[in-house]
2 protein chains.
Amino acid sequence: MIINAANKPNKKFNMSNIDKKLKKRLGCINGFYTDSKRMPTYSEMTVLFGVKSKNAVFKIVSKLIEGGFLQKDSKGYLLSTSAITSKVRFLKLLGSVEAGFPSPAEEELLDSVSIDKLLIKNPNSSFLLEISGDSMTQAGIMPKDFAIVDKSLTPKEGDIVIARVDGDWTIKYLRKEDGKYILEAANPKYGRIKPKQELTVAGVVVGTIRKYRQCG
Amino acid sequence: MIINAANKPNKKFNMSNIDKKLKKRLGCINGFYTDSKRMPTYSEMTVLFGVKSKNAVFKIVSKLIEGGFLQKDSKGYLLSTSAITSKVRFLKLLGSVEAGFPSPAEEELLDSVSIDKLLIKNPNSSFLLEISGDSMTQAGIMPKDFAIVDKSLTPKEGDIVIARVDGDWTIKYLRKEDGKYILEAANPKYGRIKPKQELTVAGVVVGTIRKYRQCG
DNA sequence: TGATACAGTAAACAATCGTTCACTGTCAAG
DNA sequence: CTTGACAGTGAACGATTGTTTACTGTATCA
């Protein structure tokens, strides 16, 4: 009699209806990861879960893996799925301001996002740039803001780009005029820039960030 | 004859003049951590470093710990200092746009920052909020921007705050008039708001982020 | 009432971890 | 040339890891 447990369809842990106890324990693991920057060992998880044997942990972890909440990498090391999708900093993403204000406690740790992950698609080809000058203030990009620039994207019309025109690096809108790419500032006091010869685009601005309260 | 190695002043690894080979190897570790979300084992580091014995790794790691580039947590597990200070996403922070454009390759992985770390001081008391409405466009906060709100900060005059006035949640400047706190929009078409009775401040806006190119 | 599945305990297992010891070559200073 | 410091090799070590097996209690359902 062969059970064939590995191939039978798994109806109980289909990623959506996970029982509350297991979810809470996943939160414990994620909390440990956030604090310690590494996955807990099975011994440490006995403390986290409040059980006394490593085998209890083993079964719980197996379920979490089966449900897709945890993974193992190629060498067998435990890997948090939330560590992949929203790596470290967990922020609750709430609704818009005018639409009422949800209670801070009702959300779980599971559905939070990381700013890095939110803004950066290609970490290896992106970099940060501090903005100076007021040529883009009308577009909401103020001096001392930071622009996240992705070098690997191909610039399109309408993008905000970092470009070198006739020797100077600037941040401008990329427009098209008479079939040729030109640059345009958002601030009307700077007009359009028609490059005399060269128009090198270093990258596309994929996001901006601003920091208030520098005391922190 | 007692060497007393532990107490003698350490002049060679004073955090600043670290030799190039060691620095490159630290970069290997950080690269592994970025890719795998965990620290490499000593066996894996033999491959990373190009050495054949674990003991060579042991000595290298000891130096890195001595220099403060790596740490061990309370249980003896290896911990990358860059994992603490700029946790996961490493972005090169370059100079301002107008000041010339540095070569992307010249910078090392060591001096990069994480956006999360840059913006968020108290991760447990912060959350993300999507902005709607145009009351703060003059301050560079556009609709569909995200505001990072810290609940634990005490609001000061001049801060941008998320506040509830007479039942509605809004984002406004916090001002003082006649010794009383009032709210003021950046957009002049909305005036000042003098709360009739209640003025509940939910948190201080410590930063804003904006995402272009939603395709990503 | 009995059968069965589930959650946890307790003890053992090989494998791998980080660490240590003994040794070899290399390079610079005296 | 000698000497010492340094970088690395290779093999061993206890400790701890993740995993497995056997067993206990408890709740559920027929």
Side-chain angles (χ1 to χ4, degrees), chain A residues 1 3-6 8-14 17-26 28-29 32-33 36-67 69-80, chain B residues 1 3-6 8-14 17-26 28-29 32-33 36-67 69-80:
Chain A
M1 187 177 103
I3 303 287
N4 197 14
K8 72 179 174 187
N10 184 359
K11 290 179 183 173
K12 290 190 181 172
F13 304 104
N14 57 355
N17 65 339
I18 179 176
D19 80 341
K20 208 149 188 176
K21 202 170 183 182
L22 209 55
K23 196 172 183 177
K24 184 176 177 182
R25 282 172 169 170
L26 177 59
C28 290
I29 297 180
F32 186 98
Y33 184 81
S36 306
K37 266 74 74 184
R38 66 173 171 85
M39 280 288 150
T41 64
Y42 282 36
S43 306
E44 289 165 332
M45 282 192 252
T46 60
V47 181
L48 287 177
F49 296 163
V51 297
K52 292 195 171 182
S53 73
K54 283 200 295 179
N55 188 24
V57 172
F58 179 75
K59 291 176 183 176
I60 294 166
V61 168
S62 298
K63 276 185 193 168
L64 287 171
I65 293 176
E66 201 176 357
F69 300 98
L70 294 178
Q71 292 183 16
K72 292 203 172 183
D73 64 12
S74 55
K75 277 204 63 176
Y77 285 92
L78 216 52
L79 195 55
S80 168
Chain B
M1 187 175 107
I3 303 287
N4 198 12
K8 72 179 173 186
N10 184 0
K11 290 180 182 172
K12 291 191 180 172
F13 303 104
N14 58 354
N17 67 338
I18 178 177
D19 80 342
K20 208 151 187 174
K21 202 171 183 182
L22 210 54
K23 196 172 182 178
K24 185 177 178 184
R25 283 173 167 168
L26 177 59
C28 290
I29 297 180
F32 186 98
Y33 184 81
S36 306
K37 266 74 72 183
R38 65 173 171 86
M39 280 288 147
T41 64
Y42 282 37
S43 307
E44 289 165 333
M45 282 193 252
T46 61
V47 181
L48 287 176
F49 296 165
V51 297
K52 291 195 172 183
S53 73
K54 284 199 295 179
N55 187 25
V57 173
F58 179 76
K59 291 177 182 174
I60 294 166
V61 168
S62 298
K63 275 187 194 167
L64 287 171
I65 293 177
E66 202 177 357
F69 299 97
L70 293 179
Q71 291 182 17
K72 292 203 172 186
D73 64 11
S74 54
K75 276 205 64 177
Y77 285 92
L78 216 52
L79 195 55
S80 168

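Bear in mind that the values here come from a model prediction, so they are computed numbers and not experimental data. Letters A, B, ... are given to chains in the order of the sequence lines, protein chains preceding strands, and every chain is numbered from 1.
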Evaluate the side-chain contact (heavy atoms from CB on, under 4.5 Å) criterion for residues A/Glu44 and A/Arg38: first the C-alpha distance (whole Å), next the side-chain angles of each, then the deciding distance (0.1 Å), finally the verdict. CA-CA 12 Å; A/Glu44 289 165 332; A/Arg38 66 173 171 85; 3.0 Å; yes
Before giving the answer on side-chain contact (heavy atoms from CB on, under 4.5 Å), spell out for B/Gln71 and B/Ile65 the whole-Å C-alpha distance, their side-chain angles and the decisive distance to 0.1 Å. CA-CA 6 Å; B/Gln71 291 182 17; B/Ile65 293 177; over 6 Å; no
List the steps and the verdict of side-chain contact (heavy atoms from CB on, under 4.5 Å) for A/Lys59 and A/Val51. CA-CA 12 Å; A/Lys59 291 176 183 176; A/Val51 297; over 6 Å; no
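One interatomic measurement links the two molecules: CG of A/Leu64 to P of C/dA7, which rounds to 12 Å at whole-angstrom precision. When rounded to the nearest whole Å, the span between CZ of A/Phe58 and C1' of D/dG18 equals 8 Å. A straight line from NZ of A/Lys54 to P of C/dC13 spans 14 Å, rounded to a whole angstrom. Distance B/Lys72 NZ to D/dT16 C1': 14 Å, rounded to the nearest Å. To the nearest angstrom, P of C/dC6 lies 10 Å from NZ of A/Lys59. Atom P of nucleotide C/dA10 and atom CG of A/Asn55 are separated by 12 Å, given to the nearest angstrom. In this entry the distance linking CD of A/Glu66 with P of C/dC6 reads 11 Å, nearest Å. Nucleotide D/dG8 holds its C1' atom 11 Å from the NZ atom of B/Lys63, rounded to whole Å.
Within the 4.5 Å cutoff, the side chain of A/Phe49 has heavy atoms near those of the A/Ile29 side chain. Residues A/Arg25 and A/Leu48 form no side-chain contact, since every pair of their non-hydrogen atoms from C-beta on lies 4.5 Å or further apart.
The phosphate of C/dC17 has OP1 or OP2 within less than 4.0 Å of a side-chain N or O from A/Tyr77. Residue B/Arg25 places at least one side-chain N or O closer than 4.0 Å to OP1 or OP2 of D/dG8. OP1 or OP2 of D/dT17 has at least one side-chain nitrogen or oxygen of A/Ser43 nearer than 4.0 Å. One finds no side-chain N or O of B/Thr41 lying less than 4.0 angstrom from the OP1 or OP2 phosphate oxygen of C/dT16.
Nearest nucleotide to the side chain of B/Ala56, out of D/dG8, D/dT17, C/dT16: D/dG8.
The residue among A/Pro40 and B/Ile60 whose nearest nucleotide of DNA chain D is located toward the 5' end is B/Ile60. Residue order along DNA chain D, read from the 5' end via each residue's closest nucleotide, puts B/Gly50 first among B/Gly50 and A/Tyr42.
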